[in-house]
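Only this structure's heavy atoms are used, side chains among them; waters, hydrogens and symmetry mates stay out.
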Amino acid sequence: MSHGIETVDNIFPTDSSRTAGTYTVSSFTTAGSGTGAVFTVTVNGSGEASISVASAGNDYVIDETIVIADAQLGNGGAGVLQFDVETTS
């Protein structure tokens with residue numbers, strides 16, 4: 001079984017310094033062993049992010065935390081964006 005990401009949850013924090021836009025992100029860190037996922041991150045004008053899985057990747061586990069640097073999200077001066085793997089295939 002590949003254990004690709006199906007859905008994510010616990011997206012935080014909202015940061016008003018985060019640059020609004022839609023970003024395709026394949027560069028991130030995780031403490032787990034998952035690899036190869038790609039996310040579409042949409043940031044609204046308040047700095048709140050929503051995330052969809054563009055490519056599921058492999059070897060992820062439920063509750064694995066993924067961290068995206070602000071440099072991947074417009075580099076507006078916000079802190080990192082974090083979220084957890086909610087379900088896998």
Side-chain angles (χ1 to χ4, degrees):
M1 208 143 82
S2 70
H3 298 287
I5 300 170
E6 290 184 340
T7 60
V8 301
D9 64 357
N10 300 322
I11 302 166
F12 70 96
T14 296
D15 189 325
S16 61
S17 296
R18 192 165 286 122
T19 304
T22 300
Y23 307 92
T24 300
V25 178
S26 59
S27 178
F28 52 85
T29 59
T30 176
S33 59
T35 61
V38 178
F39 304 99
T40 301
V41 181
T42 303
V43 178
N44 70 18
S46 299
E48 180 179 18
S50 61
I51 299 171
S52 62
V53 179
S55 180
N58 296 294
D59 299 324
Y60 289 92
V61 297
I62 292 171
D63 292 330
E64 185 169 339
T65 299
I66 294 170
V67 179
I68 299 175
D70 187 55
Q72 301 297 315
L73 304 171
N75 210 22
V80 297
L81 179 68
Q82 298 184 40
F83 55 95
D84 297 329
V85 175
E86 181 179 31
T87 59
T88 61
S89 56

Novice: Between D70 and R18, is there a donor-acceptor pair closer than 3.5 Å when you use the side chain of the first and the backbone of the second?
Specialist: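 Looks like no, no N/O pair under 3.5 Å.
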
Novice: Pick out which of N10, D9, I68 makes a side-chain contact (heavy atoms from CB on, under 4.5 Å) with F83.
Specialist: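 It is I68, the one option of N10, D9, I68 that forms the side-chain contact (heavy atoms from CB on, under 4.5 Å) with F83.
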
Novice: Supply the atom-to-atom distance N58 CG to S89 OG, rounded to the nearest 0.5 angstrom.
Specialist: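 Nearest 0.5 Å value for the CG-OG distance: 8.5 Å.
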
Novice: Pick from I11, T65, I62: which one makes a side-chain contact (heavy atoms from CB on, under 4.5 Å) with D84?
Specialist: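 Of I11, T65, I62, side-chain contact (heavy atoms from CB on, under 4.5 Å) with D84 is met by T65 alone.
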
Novice: Is the backbone of S33 close enough, under 3.5 Å, to the side chain of D59 for a donor and an acceptor to pair up by distance?
Specialist: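 Here the side-chain-to-backbone pair does not exist.
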
Novice: Residues two or more places apart in sequence or in another chain: which of them pass ring pair (Phe, Tyr, Trp, His ring centres under 6.0 Å) with F28?
Specialist: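 Testing F28 for ring pair (Phe, Tyr, Trp, His ring centres under 6.0 Å), a comparison that skips the adjacent residues, returns F39.
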
Novice: Restricting to non-hydrogen atoms, name the atom on V41 and the atom on A49 that form the minimum distance, rounded to 0.1 Å.
Specialist: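 Distance-wise, the nearest heavy atoms are CG1-CB, 4.1 Å.
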
Novice: Side-chain heavy atoms under 4.5 Å apart, restricted to Ile/Leu/Val/Met/Phe/Trp/Tyr: what other residues fall into the cluster of V67, or is it alone?
Specialist: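 Joined to V67, directly or through intermediates: V80.
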
Novice: Do you know the tightest heavy-atom contact between S55 and G36?
Specialist: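 Between these two residues, the closest heavy atoms are OG-O, 3.8 Å.
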
Novice: Do V25 and V38 share a hydrophobic cluster (ILVMFWY, side-chain heavy atoms under 4.5 Å, transitive)?
Specialist: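 Different hydrophobic clusters.
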
Novice: Determine the minimum heavy-atom distance between E86 and V8, stating which atoms define it.
Specialist: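 Result for this residue pair: OE1-O, 3.7 Å.
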
Novice: Which pair of heavy atoms, one from G77 and one from S17, lies closest together, and at what distance?
Specialist: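 Result for this residue pair: C-CB, 3.9 Å.
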
Novice: Can you list the residues that meet the side-chain contact (heavy atoms from CB on, under 4.5 Å) rule with E64, with sequence neighbours excluded?
Specialist: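 Scan of E64 (side-chain contact (heavy atoms from CB on, under 4.5 Å), adjacent residues dropped) gives T30, Y60, V61, V85.
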
Novice: Measure the spacing between CD of E48 and CG of D15 and express it to the nearest 0.5 Å.
Specialist: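 Taking CD in E48 and CG in D15, the distance rounds to 12.0 Å.
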
Novice: Counting N and O atoms only, with roles assigned by atom type, does the side chain of T87 sit under 3.5 Å from a partner on the main chain of T7, one being a donor and the other an acceptor?
Specialist: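 A pair under 3.5 Å: yes.
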
